[in-house]
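Data block below; observations after.
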Amino acid sequence: MSSKLKIYNTLTRTKELFEPIDPGNVRMYVCGPTVYDFAHIGNARPLIVFDVLYRLLRHLYGEAHVKYVRNITDVDDKINARAAERGISIRELTEETNKVFQADVRALGCLEPDVQPRATEHIAQMIAIIERLIASGHAYAADGHVLFDVPSMPAYGKLSRRSLEDMRAGARVDVAPYKHGDMDFVLWKPSASHEPGWESPWGFGRPGWHIECSAMSWKHLGETFDIHGGGIDLVFPHHENEIAQSCCAFDRDVMANYWMHNGFLQVEGEKMSKSLGNFVTIHDLLHTNKFGGRKWPGEVLRLAMLRTHYRQPIDWTVKALEEAEANLLAWHDHADFDSITESNEVPATIVNALYEDLNTAETISWIHSLNKTGQMSALKSALRFLGLLNSEVFSRATIQFDPLHDVTQDNRNKIDGWIEARLAARAEKNWAESDRIRDELAAMGVVLKDNKDGTTTWEIRRENTR
RNA sequence: GGCCUCGUGGCGGAGUGGCUACGCAGAGGACUGCAAAUCCUUGUACUCCGGUUCGAAUCCGGACGAGGCCUCCA
């Protein structure tokens, strides 16, 4: 099988043909959430992007031959701080946050990774890596801390393309006294008795920020693997440091062959930040009226995300969500997917577009084309493949019942009664009565559509409710 | 200051050294008692200045502009 998939590799800054180490066991690691707070919409981007890649790899190599690992970081100083602030235990906080995270990701139509390892369950691997680094002269213990000795690794900076000189020039002035070099970073640090910690050769303590990914990828994917993904902000220092830890611990030239990074997200043209008040969580979008004055189905969020190529910056706007929803509604209006048999093959146009470094924008234009030419079973297959057809979440039922309005069966029956009365009036050419009924329903937000076959259907008004 | 990305029509957003992306909005038409929905048709583009080329929006250089990282934020 010759590979057709091309992906942009941050290591080389070029689009490369993807060649797995072992086609029988294709391995991908993506940096997952630190579970101290609800995931925001920026976090959703890598979740969706790498879910599409996972689906494509499974399509290309077979479901049994792809292993996708996305970690859960459940030890972190932000977690400690938040738990203390809320007066709950760390375990309570991380469990609660993870539960919401899992529900969010499911609503976004993402497949579950093969493994979702937790940092706290890999302390032994972290300690093992740190011991190896000390033994090989790449790390040193000082004052209860263990630090990675950056100058001991000549190739350091390869991913982010920074030279040690550049970094020194921009380094902060205050360097912790236990550091040998100002670029050295923490592998292990001491914990006070009230802080979470584990016994280690260097005393009671906890891991530094980067070591957990080296440990978890090692355990679940091996010393080297194929793809490592995450947000572009992780290139430095997180991924650079992961590479340093793993390559030096295992005496390897590479940790992962392909490094993929998704671009950043802005909200209505501005950087998302809590101080600007435009901080949007996935949970808010799905379940509250905080963004655009209404709730949004997961498929709408997913399609809005996939409209833009994953490496481009994306502006998260109400208008974009409305357009995405209009597209989905058009497809669903055109066909009742519940009764359409899905074609066995994912359309080649869709797959070929994804082979070009996940050109999801092009796949969407092909979906429009399938819709326009009436290839409904292929359309269904394409939507399913892209994770845009989760009947539980976005079906004809949810289209007709706007998430904002709870339409009871009782009201539904009443609307049907009105429609019958209006059809009767129309049969008598009583246009005044007919229009009166239509206007009254419209005032309640119910829009009527007289179809070409003489039937009348209705839906909740689609216009933006702001 | 250092490093990195990007600059396409009213808006969003792909792609390509020479031929319509696509979507939303707009315009015209069909259908309809009138609407809505649907269908058909349709216009507008490649930040600026140089260079390479038969030909560049697409390659190279420069300018201007936007964003990101270098401060545990995807």
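Just so you know, these numbers use all the heavy atoms, side chains as well, and skip hydrogens, waters and symmetry mates. Just so we're on the same page: letters track the sequence lines, and every chain starts at 1.
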Starting at the 5' end of RNA chain B, what dot-bracket string do you get if Watson-Crick and G-U pairs under 3.5 Å are bracketed, crossing pairs use [ ], other-strand pairs use | and unpaired bases use dots? (((((((..(((.....[...))).(((((.......)))))....(((((..]....))))))))))))....

With heavy atoms under 4.0 Å as the rule, sort [X] into base, sugar-phosphate or nothing.
| X | value |
| --- | --- |
| G208(A) | nothing |
| H309(A) | sugar-phosphate |
| Q312(A) | sugar-phosphate |
| G230(A) | sugar-phosphate |
| L47(A) | nothing |

Any chance the side chains of [X] and [Y] put a donor and an acceptor closer than 3.5 Å?
| X | Y | answer |
| --- | --- | --- |
| D74(A) | T120(A) | yes |
| H261(A) | H239(A) | yes |
| Y36(A) | N80(A) | no |
| S200(A) | W188(A) | yes |
| N71(A) | T73(A) | yes |

If you measure from the [atom1] atom in [N] to the same atom in [M], how many Å do you get, rounded?
| N | M | atom1 | result |
| --- | --- | --- | --- |
| A74(B) | C69(B) | P | 12 Å |
| C19(B) | A30(B) | C1' | 31 Å |
| A35(B) | G23(B) | C1' | 26 Å |
| G18(B) | C59(B) | C1' | 15 Å |
| U47(B) | U41(B) | C1' | 33 Å |
| G7(B) | A57(B) | P | 15 Å |
| G13(B) | A45(B) | C1' | 12 Å |
| U8(B) | A66(B) | P | 14 Å |

Measuring from F291(A):CZ to T317(A):OG1, what's the distance to the nearest 0.5 Å? 6.5 Å

CZ of R422(A) to CD1 of I437(A): how many Å apart, nearest 0.5 Å? 7.5 Å

Rounded to the nearest angstrom, tell me the gap between atom [atom1] in [X] and atom [atom2] in [N].
| X | N | atom1 | atom2 | value |
| --- | --- | --- | --- | --- |
| Y8(A) | C4(B) | OH | P | 10 Å |
| W331(A) | C22(B) | CH2 | C1' | 11 Å |
| M305(A) | A14(B) | CE | C1' | 18 Å |
| L234(A) | U71(B) | CG | P | 15 Å |
| F236(A) | G68(B) | CZ | C1' | 14 Å |
| I314(A) | U5(B) | CD1 | P | 20 Å |
| W366(A) | A14(B) | CH2 | P | 17 Å |
| E325(A) | G12(B) | CD | P | 20 Å |

Quick check: H238(A) with W209(A) (ring centres under 6.0 Å apart)? yes

So, do H220(A) and H122(A) have ring centers that fall under 6.0 Å from each other? yes

Contacts of R311(A) and A320(A) projected onto RNA chain B by closest heavy atom; the upstream (5') one is R311(A)

5'-most by nearest nucleotide on RNA chain B - A361(A) or D233(A): A361(A)

Within the 4.0 Å limit for protein heavy atoms, which parts of nucleotides 23-33 of chain B are touched? Write it as a string from 5' to 3', B for base, S for sugar-phosphate only, - for none. BS--------B

Whether R206(A) side chain and P196(A) backbone form a donor-acceptor pair below 3.5 Å: no

Hey, does the side chain of K271(A) come within less than 4.0 Å of C69(B)'s phosphate (OP1/OP2), counting only N and O? yes

Check this one for me: any side-chain N or O of S160(A) less than 4.0 Å away from OP1 or OP2 of C3(B)? no

Among the candidates A21(B), C70(B), U5(B), find the nucleotide nearest to the side-chain atoms of S365(A). A21(B)

Considering non-hydrogen atoms only, spot the tightest contact between I340(A) and S377(A) and give its length. CG2-CA, 3.8 Å

A74(B) pyrimidine/purine six-ring stacking with F264(A), under 5.5 Å and 30°: yes

